[in-house]
Amino acid sequence: MAWDLIFWVVCFFINIALLASSFFQLLSLSDLEADHLNPFEASTRINSIVLPEFLLQGFLCISFLLTWHWFMFLFTLPIAAYHLMLYLNRKHLLDVTEIFRDLNTEKKYRFIKLAVYLLLFTVVLFS
């Protein structure tokens, strides 16, 4: 019983970190769109936290698999698989020269991730 509580508390804090990361990326893209940041600074900020976010998401997905929480594993698997696909195709980092062309796509992607992380946060909070 105590191990299960510790597991859910760790999942809670990982989920908060994922939410903060996604929100920070979305905020940086919005600042870029409003011309408060230059493209180099925005892409540097976002690229610096992409890999830790991918690793945290992968760790969360694997930990759900290893602890036999099948619903949570299947819930986090699609986004972890998408992150793995982006990493293997080397499309996980934002390019400074292409950032304005991909701005709307990147913002939609970050909004979807934020919605998934909020739904995951709700489920973890009640677990």
Side-chain angles (χ1 to χ4, degrees):
M1 182 68 180
W3 291 109
D4 199 39
L5 177 65
I6 292 170
F7 171 73
W8 286 112
V9 169
V10 169
C11 289
F12 175 77
F13 285 118
I14 289 174
N15 200 352
I16 287 178
L18 290 172
L19 272 171
S21 169
S22 183
F23 186 72
F24 178 75
Q25 292 173 24
L26 193 57
L27 190 65
S28 294
L29 288 173
S30 296
D31 284 348
L32 176 67
E33 187 177 37
D35 207 23
H36 295 297
L37 288 177
N38 60 21
F40 178 76
E41 190 176 346
S43 63
T44 303
R45 284 182 177 187
I46 292 172
N47 289 342
S48 68
I49 61 173
V50 165
L51 194 59
E53 178 193 1
F54 284 11
L55 291 174
L56 273 178
Q57 174 64 34
F59 174 76
L60 192 65
C61 186
I62 295 296
S63 66
F64 284 138
L65 175 67
L66 295 177
T67 57
W68 298 82
H69 292 96
W70 293 106
F71 175 74
M72 296 299 289
F73 168 69
L74 292 175
F75 184 72
T76 57
L77 184 63
I79 197 162
Y82 185 70
H83 285 167
L84 182 64
M85 183 197 66
L86 284 177
Y87 183 76
L88 292 178
N89 292 334
R90 297 184 188 264
K91 295 185 182 213
H92 60 288
L93 297 177
L94 289 178
D95 186 17
V96 176
T97 59
E98 304 282 327
I99 196 166
F100 280 114
R101 185 183 330 168
D102 299 334
L103 189 63
N104 288 332
T105 307
E106 291 294 328
K107 280 180 68 174
K108 287 178 188 174
Y109 167 62
R110 285 348 190 250
F111 268 123
I112 292 171
K113 278 193 343 183
L114 186 66
V116 168
Y117 290 151
L118 279 172
L119 191 59
L120 182 65
F121 177 76
T122 306
V123 173
V124 167
L125 188 64
F126 286 113
S127 293

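Here the structure is a predicted model, which means the values were calculated and not measured.
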Open item on the list: Looking at Ser30 and Leu26, would you say the former's side chain and the latter's main chain have a donor-acceptor pair under 3.5 Å?
Closed with: yes

Task: side chain to side chain donor-acceptor pair (under 3.5 Å) partners of Thr67, counting only residues at least two apart - done: His69

Task: Atom of Ile99, atom of Val96 and distance for their closest heavy-atom approach - done: CG2-O, 3.4 Å

Open item on the list: Ignoring hydrogens, what is the shortest heavy-atom contact between Ser43 and Leu94? Give both atom names and the distance.
Closed with: CB-O, 4.1 Å

Task: Partner residues of Ser48 under the side chain to side chain donor-acceptor pair (under 3.5 Å) criterion, sequence neighbours left out - done: none

Open item on the list: Working to the nearest 0.5 angstrom, can you tell me the gap between Leu27 CG and Leu32 CG?
Closed with: 11.5 Å

Task: Atom pair CZ (Phe54) and CG (Leu86), whose distance is rounded to the nearest 0.5 Å - done: 5.0 Å

TODO: Measure the shortest side-chain to side-chain distance between Leu77 and Phe64 over non-hydrogen atoms and say whether it is less than 4.5 angstrom.
DONE: no

TODO: May I ask you to decide if Glu41's main-chain N or O and Asn38's side chain share a donor-acceptor pair within less than 3.5 Å?
DONE: yes

TODO: Please check if Phe59 and Met85 belong to a single hydrophobic cluster, counting links between Ile, Leu, Val, Met, Phe, Trp and Tyr side chain heavy atoms closer than 4.5 Å.
DONE: no

Task: Interatomic spacing from CG in Leu103 to NZ in Lys108 - rounded to 0.5 Å - done: 11.0 Å

Open item on the list: By the definition side-chain contact (heavy atoms from CB on, under 4.5 Å), identify the one residue from Leu18, Ile14, Asn15 that meets it with Gln57.
Closed with: Leu18

Open item on the list: Same cluster or not: Leu88 versus Leu56, using hydrophobic residues (I, L, V, M, F, W, Y) connected whenever any side-chain heavy atoms lie under 4.5 Å apart?
Closed with: no

- [ ] Could you tell me which residues satisfy side chain to side chain donor-acceptor pair (under 3.5 Å) with Arg110, sequence neighbours excluded, listed by chain and number?
- [x] Gln25, Glu106

Task: Partners passing side chain to side chain donor-acceptor pair (under 3.5 Å) against Asn47 (at least two apart in sequence or in another chain) - done: none

- [ ] Spell out, yes or no, whether Trp68 and Trp8 are grouped together once hydrophobic residues are joined by side-chain heavy atoms under 4.5 Å, including indirect joins.
- [x] yes

Task: Single-linkage hydrophobic cluster Ile62~Leu55, side-chain heavy atoms < 4.5 angstrom - done: no

TODO: For Cys61 and Phe73, work out which heavy atoms get closest and say how close.
DONE: O-CD1, 3.3 Å

- [ ] Please round to the nearest 0.5 Å and tell me the distance separating atom OG1 of Thr105 and atom CD of Glu98.
- [x] 11.5 Å

Task: Sequence neighbours excluded - ring-ring contact (aromatic ring centres under 6.0 Å, His included) pairs with any residue from residues 12-46 - done: Phe12-Phe121

Open item on the list: Just verifying a value: how many Å separate Leu65 CG and Leu60 CG, rounded to the nearest 0.5 Å?
Closed with: 11.5 Å

Open item on the list: Measuring from atom CE of Met72 to atom CG of Leu120, what distance do you get when rounded to the nearest 0.5 angstrom?
Closed with: 4.5 Å

- [ ] Quick one: which residue pairs count as a side-chain hydrogen bond (donor to acceptor under 3.5 Å, both in side chains) with a foot in residues 73-93, not counting sequence neighbours?
- [x] His83-Tyr109

Task: Same apolar cluster: Val124 and Leu66, side chain cutoff 4.5 Å - done: no

- [ ] Mind listing the closest non-hydrogen atom pair of Ser28 and Leu37 along with its distance?
- [x] O-CD1, 3.8 Å

